[in-house]
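Quick notes on the structure that follows.
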Amino acid sequence: MKVDIEAVEESIIRFILATFPRAHQKGLDSGTLLLENGVVDSIGVLELVEFLENQFRIAVTDEDLTADNFRTVAQIGAFVLTKQCIGDAV
Amino acid sequence: MDYLIHHLLRTSAAHYPEKEALVYREQRLSYASVERAAKSLAVGLSKAGLRRGDRIGIWLEPSTEQALSIFAASYANAAFVPINHLLYPQQAAHIIHDCRMKGIITTMPRLNRVAHLLPDLRDEIFAVVTDAGESPPSPIKTLAFDHLCQEDGSKQKDQCLGRDLGIILYTSGSTGKPKGVMLAHDQVLAGAAIVSEYLEITDEERILALLPFSFDAGLNQLMTAFCQGATLVMMDFVFAREIVQALAQERITGLAGVPTLWSLLAQPQSGLYKARLPSLRYITNTGGKLPRNVLYTLQKVLPSTKIFLMYGLTEAFRSTYLPPDELDRHPTSIGKAIPNTEISLINDQGERCKPGEIGELIHRGPTVALGYWGYPDLTAKVFRQNPFGAPEMLDGEKVCYSGDLATMDEEGFLYIVGRRDAMIKSSGFRISPTEVEEIIFQSGKVRSAAVVGVPDKVLGQSIKAFVVAKDDEAPDPAAIIDFCAANLPRHMVPKSLEYLSELPLTSSGKVDYLALKKREGIA
């Protein structure tokens, strides 16, 4: 499956805006710090992971749950694409 | 004799001066150094004007400074008021005003955000900041935490009794703004001794503190650790796997959590199932019922760890626990009374409930609080004469009416079934509907509003709002939820919102919460 990064980021932004009201205050874009700014907290990460797994058909493992993968929408997007490539190769 | 909160620290520092008392990130403080710093800070606070009985706020993230401040306040003969670091300026300002704080220990950004809400207090209150430096000057007299810790603390003298006010813990009820529950020093010490007894806590323990010190169970972890000369490890986290890593790296022996935390840890991504945690001797749950599937997962992945289900309310500090060996027979029970405590259930006729009969849970014992700061009527309602004592005793002793409805089985095991009032409990937090409704009103978009707690698989309950639009306002649920998110900490923001043409009312003209719950199929 071919997905471009912009479509992935847009879909993640839509989900975050709909799920985490605080994102509106922070003027969410692909570079907004999600964890440091408290837009997404530990329970929010759960909801986000569930969304990513369903939306992009990836399996998120415990090793994937690092701040480096989740700090911004751009990083989440890159993470999703990496996961999909690995998935395709299997 | 130990009868004041800082005596716990004094005794452990005498027995185990070089032992690790507090760990946070790369900081590892020994009991001797914690005692030294807390005493010095106490002198600094006294010089800043803090006197016996004054209230000092502590509004900090989990940190060693937070724990030091707690013991320093006690050394300084003052009462401390922990404020949850997640609270917004508006909620913090309420607490600062309500208990007429003399001083507040916080950070510069927090002070700057709350200062404009305290115009009346500018000359009355002082602030101590842990991050003094290049920050712009505040209208409030501000001192540097590190500077205060340089004072000579060797001559600090105790003035308080065990009966004196030691702590005010702010908590929500069914109406209005949060109220301050007053705890005397000796109640806190009784709580630490009782919990140490049934959890069998010794100086060998390494306890991981994830619950905030503004929450009775979180504060109790600090007190039991210092009571026994154990080590308290503090941390902040976003991912559940960070907790699992800390459990392994720090060889944690005990961990307390609320159901939301255990739900996070029971997720496969937390890595708990493949972690090796031979040191983890016990875990405890409080703040709500642990879902069966979560409990089952924890039992499976932590086969050698004892699981204690507990129940407590701020007004009585800690109340019941279920011994781990009863878990398989009574997995939904909150157990029986903690040592030196009596729990009874009373029905609407004022009689003791029969097995299976629903009644209000009443707590009697040495951890019952002094009452609510500044609310004599509410205090009289919740803290009452022992209904089962000899009439000649009059009101010589107060017991706590919890507002929680429960049943007891034939063997005396207790089960929580609900609340007497409209209070909401979400991810371990108590939330009063009116606090949320007030903010919804402030949005200027509604004519009336009411919120109820609805079941949520991770949070226990989440908040659902019902609103009636103003005549000239088009329905805009997202805008109202956004407004709430800007003015309330996340646990208080409604998850969903529904417009109604009118709110259902009771015959006395008040909002009929029961009818709203029935709409949701939960009453």
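Because the structure is a prediction, the values reported are computed rather than measured. Here is the naming used below: chain letters follow the sequence lines, and residue numbers restart at 1 for every chain. In what follows, every heavy atom counts, from backbone to side chain, and hydrogens, waters and symmetry copies are set aside.
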If one checks every heavy atom of A/E36 against chain B at 4.5 Å, the contacting part turns out to be neither

Region of B/A486 in contact with chain A, defined by heavy-atom distances below 4.5 Å: both

Side chain from CB out, backbone as N, CA, C, O: work out which of these in A/E63 comes under 4.5 Å of a heavy atom of chain B, or both, or neither. both

Under 3.5 Å, is there a donor-acceptor pair between the side chain of B/Q267 and the main chain of B/L264? no

Side-chain (B/N112) to main-chain (B/P109) donor-acceptor, under 3.5 angstrom: no

What part of B/V238 gets within 4.5 angstrom of chain A, counting heavy atoms only: side chain, backbone, both, or neither? both

Check each atom of A/L46 against the heavy atoms of chain B and say whether the ones under 4.5 Å are side chain, backbone, both or neither. side chain

For A/L35, which atoms come within 4.5 Å of any heavy atom of chain B: side chain, backbone, both, or neither? side chain

Measure distances from A/V45 to the heavy atoms of chain B and classify the residue's part below 4.5 Å as side chain, backbone, both or neither. side chain

Would you check if the side chain of B/T305 reaches a backbone N or O of B/L280 as a donor-acceptor pair within less than 3.5 Å? yes

So for B/L261, is it side chain, backbone, both, or neither that comes closer than 4.5 Å to the heavy atoms of chain A? neither

Is A/A67 in contact with chain B via its backbone, its side chain, both, or neither, using a 4.5 Å heavy-atom distance? both

Would A/T61 and B/Q269 count as having a side-chain donor-acceptor pair, cut-off 3.5 Å? no

So that I can tick it off, tell me whether B/R490 and A/D41 are bridged by a salt bridge, with the cut-off set at under 4.0 angstrom between side-chain N and carboxylate O. yes

Quick check: A/F70 with A/F79 (ring centres under 6.0 Å apart)? yes

Does OH belonging to B/Y499 count more than 12 external heavy atoms closer than 6.0 Å? yes

Please classify the contact between B/S270 and chain A as side chain, backbone, both or neither, with a heavy-atom cut-off of under 4.5 Å. backbone

